[in-house]
Engineer: 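This is the structure I have questions about; it appears just below.
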Amino acid sequence: MKLDSKVPEGELSQKWTKHKFNLKLVNPANKRKYEVIVVGTGLAGASAAASLAELGYNVKSFCFQDSPRRAHSIAAQGGINAAKNYQNDGDSVFRLFYDTVKGGDYRSREANVHRLAESSVSIIDQCVAQGVPFAREYGGLLANRSFGGAQVSRTFYARGQTGQQLLLGAYGALNRQIANGKVKMYNRSEMLDLVVVDGKARGIVTRDLITGKIEAHSAHAVLLCTGGYGNVFFLSTNAKGSNVTAAWRAHKKGAFFGNPCFTQIHPTCIPVSGDHQSKLTLMSESLRNDGRVWVPKKAMPGLKSKEAMSLPESERDYFLERKYPSFGNLVPRDVASRNAKQVCDEGRGVGSGLAVFLDFTDAIKRDGEDQIRAKYGNLFDMYQQITGENPYKGPMMIYPAVHYTMGGLWVDYNLMTTVPGLYALGEANFSDHGANRLGASALMQGLADGYFVIPYTIGDYLANIGWKDKIETDHPAFQESMDAINERVKKLLSIKGKKTVDEFHRTLGLTMWEYCGMSRTEVGLKKAKKIIQDLKTEFWTNVNVLGSANELNQELEKAGRVADFIELGELMVDDALNRSESCGGHFREESQTPEGEALRKDDEFAYVAAWEFRGENQPEELHKEELKFENVKLTQRSYK
């Protein structure tokens, strides 16, 4: 199958405008004849469902949480980028486009990224109109701050809870459409399969997480807005419920998976404190505006925050400022994370040895504690509650952790996957961030896809198929899918092995972190593949899932998700093995510059790796979408 990105011809800045004009439209009176399924209610899902319902489509919205407002978008802290240039510091749509392509280490599609930068300007207006309480300067104008990978201040924020406030805006719009009867909401429902008939996505099969009932739902199109797969590492900043199941089941029904090995390690997270932990906690990248990252110049094992306050400046190494004077502490996440790992590997880590300091002493002296509290108060409080340390009186300890996944289902310019009628939005797709996402761009992409892209592009598909082209749930394909899910559930419950689901998940996570995490080698990846294959075999013969199918059973939920994570883990390793270059968050030790920076191989790997499922226990087939760079020159990234 040849991949067709459907990127329109013409000048970059005009592509999206001309494409919108050339797309077919659905008559307003006919929109009410169409049904659309939206899976997920984070920023991408809630904004898409609300926007499509506002247009007149009938929408079914699904989430596995007890309320749409519990989607993981609510956990985003630092901000959302937009090329408003309110600070008059040289920002523009093209600069945001350029920073994003460069930040992604030149492994993203130019046209998609430019559309994202264009849409960013409208997102802020939309959210302000919804009442999102962005931070404002004394005179009432919207405030901005800086984020990594940029030399301008373009990030809009609501203290350290921007995701929550943006989601409440989208949630309000969604609730309005629920009240109007245009959106039917299915809470506590998990998608377990995609139904494909005659090559088109026709609906989904779900499990009611309260009763265990397996149900079928049909529609003219299906939108997956189900987030990323960072929990394949077990420990991550993602909510414990975040999973890959919806995307993975769609992948096994024909949707190609793009760049699965591109995962983001966030440099500022609270370090691991022991085997008892089930997740990690993010400390917003916004803290690097005022916090300075450092370690002692000489190894000082066990150095604590209070002791660090008395260490003279001459004995401190502000390593990011030293190595990258132009960007300092605001280098992109992949660069900051690798450097933190490097100094810890040298034996200069603090605390447990796997941590560096993030110090606000100078900022507090300069601006006063009240000013720092106004900017970051909730983040400082969260840090103190978790660690017992007061970050106003001594530096925070931070260390990189899995946070986001740039990989996801492959989509074309219209956000459609390789299965006609199936779309993927937000973090669930691969499209905008290349090999490394810049901070404050996840919220931007989710809302751009939901508010400003899919309302146009889905109309073209629906207009072409017509409203009569809909398969009802009495079609045999739906029953076959429901039977297969019931059999899978029975099998999981019948194994009665000796290991818990969490034991398998933790083993998988440790394997992925060790061999497919911040640093990767051919030898390590081959070892990981064998471990994961053996783990899969053991899982299906030795897992112990308690409870029954027809009840609230969280162990059963986890079992299905971990089974999918194990299969995804193997594909991530295959993708990392295939890509023998280093780029962004994918760092192959065999491919680095003399200074230890990522070394790309543009002549070999300037493509999107799109993987096709070829059957159970069969190798996946690699398809390549060649990336063309007509507006940005391919150069070795430098933030020095």
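Since the model is a prediction, treat every value here as computed from it, not as a measurement.
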Engineer: I need the minimum non-hydrogen distance between Lys182 and Asn58, along with the two atoms involved.
Structural biologist: NZ-OD1, 3.0 Å
Engineer: Hey, are Trp16 and Glu118 close enough side-chain-wise for a donor-acceptor pair under 3.5 Å?
Structural biologist: no
Engineer: State whether a side-chain donor-acceptor pair under 3.5 Å links His114 with Glu110.
Structural biologist: no
Engineer: Check the pair Gln264 / Arg333 against side chain to side chain contact (heavy atoms under 4.5 Å, CB included), numbers first and verdict last.
Structural biologist: CA-CA 8 Å; Gln264 179 161 91; Arg333 291 174 176 177; 2.8 Å; yes
Engineer: Could you check Ser61 against Tyr186 for side chain to side chain contact (heavy atoms under 4.5 Å, CB included), going step by step and ending with a plain yes or no?
Structural biologist: CA-CA 6 Å; Ser61 179; Tyr186 295 85; over 6 Å; no
Engineer: Hey, is CZ on Arg69 packed in by over 12 heavy atoms from elsewhere, all under 6.0 Å?
Structural biologist: no
Engineer: Does the ring of Phe430 carry Arg109 above it, NZ/CZ under 6.0 angstrom from centre and within 45° of its axis?
Structural biologist: no
Engineer: Does a donor on one side chain sit under 3.5 Å from an acceptor on the other, for His266 and Thr268?
Structural biologist: yes
Engineer: Begin from the C-alpha positions of Ser242 and Asn231 and carry the test side chain to side chain donor-acceptor pair (under 3.5 Å) through to its verdict.
Structural biologist: CA-CA 7 Å; Ser242 298; Asn231 276 345; 4.7 Å; no
Engineer: Is it the case that Ser218 and Lys470 place a side-chain donor and acceptor less than 3.5 Å from each other?
Structural biologist: yes
Engineer: Among Leu43, Ile80, Asn429, Asn112, find the one that has a side-chain contact (heavy atoms from CB on, under 4.5 Å) with Gln445.
Structural biologist: Asn429
Engineer: Step through the shown structure and confirm whether more than 12 heavy atoms of other residues, nucleotides or ligands are within 6.0 Å of NZ on Lys184.
Structural biologist: no
Engineer: For the side chain of Tyr451 and the backbone of Gln126, is there at least one donor-acceptor N/O pair under 3.5 Å apart?
Structural biologist: no
Engineer: Are Thr206 and Glu190 close enough, and set up right, to give a side chain to side chain donor-acceptor pair (under 3.5 Å), and what steps lead you there?
Structural biologist: CA-CA 5 Å; Thr206 63; Glu190 181 171 27; over 6 Å; no
Engineer: Which is it for Glu54 and Gln177 under the side chain to side chain donor-acceptor pair (under 3.5 Å) test, yes or no, and what are the steps along the way?
Structural biologist: CA-CA 7 Å; Glu54 183 77 40; Gln177 297 304 325; 2.8 Å; yes
Engineer: Just jot down the salt bridge (Lys or Arg N to Asp or Glu O under 4.0 Å) partners of Asp575, sequence neighbours excluded, or say none.
Structural biologist: none
Engineer: Walk me through whether Lys279 and Asn238 qualify under side chain to side chain donor-acceptor pair (under 3.5 Å).
Structural biologist: CA-CA 7 Å; Lys279 76 176 300 295; Asn238 289 185; over 6 Å; no
Engineer: Rounded to the nearest 0.5 Å, how far apart are CG of Leu438 and CG of Asp334?
Structural biologist: 9.0 Å
Engineer: Is the NZ or CZ atom of Lys6 both under 6.0 Å from the centre of the six-membered ring of Tyr413 and within 45° of that ring's axis?
Structural biologist: no
Engineer: State whether a side-chain donor-acceptor pair under 3.5 Å links Asn81 with Ser441.
Structural biologist: yes
Engineer: Would the number of heavy atoms belonging to other residues, nucleotides or ligands and lying under 6.0 Å from CZ of Arg488 be above 12?
Structural biologist: yes
Engineer: Strictly by modelled atom types, are Asp483 and Gln479 linked by a side-chain donor-acceptor pair under 3.5 Å?
Structural biologist: yes
Engineer: Below 30° counts as parallel, above 60° as perpendicular, anything between as tilted: where do the rings of His505 and Phe565 land?
Structural biologist: parallel
Engineer: I'd like to know whether OH of Tyr607 has more than 12 heavy-atom contacts from other residues, nucleotides or ligands below 6.0 angstrom.
Structural biologist: yes
Engineer: Side chains of Glu625 and Trp410 only: does a donor on one sit below 3.5 Å from an acceptor on the other?
Structural biologist: yes
Engineer: Compile the donor-acceptor pairs under 3.5 Å between side chains in residues 220-230 and protein atoms, sequence neighbours left out, one pair per line.
Structural biologist:
from   : atom 1 : to     : atom 2 : distance (Å)
His220 : ND1    : Glu35  : N      : 3.0
His220 : NE2    : Trp467 : O      : 2.7
Tyr229 : OH     : Pro260 : O      : 2.8

Engineer: Quick check with a 6.0 Å cut-off and a 45 degree axis cone: is Arg207 positioned over the face of Phe64's six-membered ring?
Structural biologist: no
Engineer: Looking only at side chains, do His251 and Glu620 share a donor and an acceptor under 3.5 Å apart?
Structural biologist: yes
Engineer: Tell me, please, whether Phe256 has Lys2 positioned over its six-membered ring: NZ or CZ under 6.0 Å from the ring centre and within 45 degrees of its axis?
Structural biologist: no
Engineer: Check step by step if ring-ring contact (aromatic ring centres under 6.0 Å, His included) holds for His433 and Phe262.
Structural biologist: CA-CA 10 Å; His433 306 295; Phe262 285 173; over 10 Å; no
Engineer: Looking just at side-chain N and O atoms, do Asp193 and Ser481 make a donor-acceptor pair shorter than 3.5 Å?
Structural biologist: yes
Engineer: Using a distance-only test with no angle check, is there a side-chain donor-acceptor pair under 3.5 angstrom linking His19 and Asn414?
Structural biologist: yes
